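Single-structure report; data block below.
Predicted, not measured: the structure shown is a model, and the values here were computed from it.
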Amino acid sequence: MKKKFIVLGVLLAAFSFTKTNAQINFGDKAIGAVQKGVTGFTFSNADAAKLSKEAVDKLDAEHEIAGPTDGYAIRLNRVFGKHAAGDGFTLNYKVYKLKEVNAFATADGSVRVYSGLMDIMDDNELIAVIGHEIGHVANNDSRDAIRAAYQKEALMDGAASQSATVATVTDSQLGKIGSAIIDSKYSRKQESEADLFAYNFMKKNGYNVNAEESAFRILAKMSEGAQASFIDQMMSSHPDSQKRADDAKKRAEKDGLYKPYVQQKIVNTAPATTTKKTTTTTKKTTTAKKK
């Protein structure tokens, strides 16, 4: 039953490396004020799913989405499709055609991956990222994050702030909640626990667990380059990528599974279509003359 709850709640952002979306940081003081301001407030898993779907629908309308014949969509379906449905749950997943290195997901089961992430990570590394996302749900991090986002917006709206149930939010509030989904802030402890969940997810499903270390090495390398400033800013609420990579390596070593990971070929193009030439053979019929 617990397993079903985990996947039904499914997912909320883990790796958020975006420069184009507004960032909302719900600090401790802000959340504390919200919790005091909203009395008798209840927020169920169904509330989280409903609010998440509304926010994601808005995000979908604002971004270019890879179509079913696009190479990115084909690859994500091949890599992740086998994990999208199970006992009592269904996930929907899409690719945003954006160069940012980012992936997020929400409590209604929506998974969104940026093409920029798929350009630098192979299939196993991509699964490591998605497994991390599921970890946040298993630990109720995603539900709590969307609850905090809603509470902050509800408090800003005087009419909704005293409601004991989830009220209808405005389009503007949905936009802010959507930005909060993309830029969710988790504690270092929460991130580390989600990393462990990703490792166990990969191990259970037969993936190369060493890809998790590799994914973090890639992010660490990015922080040394031109994108260091915004990576460093994001890392203020995330554990250091090098340390996370080291931790992943130690887990694999402890299990006797460690082997330096070699990144596999990354293919984000649709397979070439070949037109089969049809050859029509005309059979010649000879009629013998009667003598």
Side-chain angles (χ1 to χ4, degrees), residues 10-18 66 70-84 91 93-105 111-138 182 184 186 191-225 227-228 231 234-235 238-253 255 257-269:
V10 163
L11 310 172
L12 193 64
F15 297 102
S16 185
F17 301 104
T18 177
D70 187 286
Y72 287 104
I74 291 172
R75 180 187 170 202
L76 185 60
N77 185 59
R78 174 176 56 78
V79 173
F80 183 59
K82 62 180 72 71
H83 302 296
L91 310 181
Y93 50 94
K94 297 178 181 178
V95 178
Y96 283 173
K97 299 289 289 289
L98 292 171
K99 293 181 179 180
E100 281 73 30
V101 178
N102 190 20
F104 73 88
V111 181
R112 301 294 181 264
V113 180
Y114 286 36
S115 58
L117 178 69
M118 298 180 71
D119 285 336
I120 65 170
M121 292 193 179
D122 70 13
D123 294 354
N124 288 317
E125 292 160 343
L126 203 57
I127 284 293
V129 174
I130 294 173
H132 178 107
E133 308 276 353
I134 298 174
H136 280 304
V137 178
I182 292 174
S184 291
Y186 295 121
E191 293 289 11
S192 296
E193 289 174 346
D195 290 345
L196 176 60
F197 188 95
Y199 176 87
N200 290 331
F201 175 83
M202 296 183 75
K203 182 179 174 182
K204 177 182 176 182
N205 288 284
Y207 293 103
N208 188 333
V209 295
N210 296 295
E212 184 180 41
E213 178 202 4
S214 179
F216 288 128
R217 298 289 182 210
I218 291 172
L219 299 180
K221 189 68 176 175
M222 287 178 63
S223 69
E224 298 171 2
Q227 302 183 64
I231 290 287
M234 188 282 306
M235 283 297 176
H238 292 67
D240 176 72
S241 291
Q242 288 287 8
K243 183 182 183 304
R244 296 170 79 179
D246 291 340
D247 290 343
K249 179 180 178 180
K250 289 175 183 176
R251 283 190 286 269
E253 288 176 332
D255 287 341
L257 298 173
Y258 183 72
K259 184 178 180 181
Y261 187 74
V262 178
Q263 189 179 66
Q264 306 299 300
K265 186 177 181 181
I266 299 172
V267 181
N268 288 314
T269 54

Open item on the list: For a 4.5 angstrom cut-off between non-hydrogen side-chain atoms, does I127 reach V79?
Closed with: yes

Task: Considering all heavy atoms, the nearest D70-Y72 contact - done: OD1-N, 2.8 Å

TODO: Flag the pair I130 / H83 as yes when at least one side-chain heavy-atom distance between them is below 4.5 Å, and no otherwise.
DONE: no

Task: N/O donor-acceptor pair under 3.5 Å between R75 side chain and M118 backbone - done: yes

Open item on the list: Nearest 0.5 Å, please: how far is CD1 in I120 from CD1 in I266?
Closed with: 8.0 Å

Open item on the list: What's the separation between atom CZ in R78 and atom CG in L76, rounded to the nearest 0.5 Å?
Closed with: 10.0 Å

- [ ] Indicate yes or no for a side-chain donor-acceptor contact from N205 to the backbone of Y207 under 3.5 Å, with no hydrogens or angles considered.
- [x] no

TODO: Would you indicate whether the side-chain heavy atoms of M121 and L219 approach each other to under 4.5 Å?
DONE: yes

Open item on the list: I'd like to know if the side chain of E212 reaches the main chain of R244, judged simply by a donor and an acceptor atom lying under 3.5 Å from each other, with no hydrogens or angles considered.
Closed with: no

Task: Nearest heavy atoms of V95 and S115, plus distance in Å - done: CG1-N, 3.9 Å

Open item on the list: I'd like to know whether NZ of K82 has more than 12 heavy-atom contacts from other residues, nucleotides or ligands below 6.0 angstrom.
Closed with: yes

TODO: Give, for atom CG of D247 and atom CG of D240, the distance between the pair rounded to the nearest 0.5 Å.
DONE: 10.0 Å

Open item on the list: List the residues meeting salt bridge (Lys or Arg N to Asp or Glu O under 4.0 Å) with E125, not counting sequence neighbours, and say none if there are none.
Closed with: none

- [ ] Using only heavy-atom distances, determine whether the side chains of N124 and D122 contain a donor-acceptor pair under 3.5 Å.
- [x] no

- [ ] Might you point out which heavy atoms bring Y199 and A252 nearest each other, and give the distance in Å?
- [x] OH-CA, 3.3 Å

Open item on the list: For a 4.5 angstrom cut-off between non-hydrogen side-chain atoms, does M202 reach N208?
Closed with: no

TODO: State, yes or no, whether a side-chain contact exists between V101 and Y114 at a heavy-atom distance under 4.5 Å.
DONE: no

Task: Step-by-step side chain to side chain contact (heavy atoms under 4.5 Å, CB included) determination, V113 to L126 - done: CA-CA 9 Å; V113 180; L126 203 57; 4.3 Å; yes

TODO: May I ask you to test the Y261-E213 pair for a side-chain heavy-atom distance under 4.5 Å?
DONE: no

- [ ] Output the distance between atom CG (D123) and atom CD (Q264), rounded to the nearest 0.5 Å.
- [x] 8.5 Å

Task: Steps toward side-chain hydrogen bond (donor to acceptor under 3.5 Å, both in side chains) verdict (N102, Y96) - done: CA-CA 9 Å; N102 190 20; Y96 283 173; over 6 Å; no

TODO: Would you name the heavy atoms of A198 and G131 that are closest together and state the gap between them?
DONE: CB-C, 3.6 Å

TODO: Hey, could you give me the CZ/CG distance between R251 and D195, rounded to the nearest 0.5 Å?
DONE: 6.0 Å

Open item on the list: I want to check something: taking the side chain as every heavy atom from C-beta on, are F216 and D246 in contact at a cut-off of under 4.5 Å?
Closed with: no

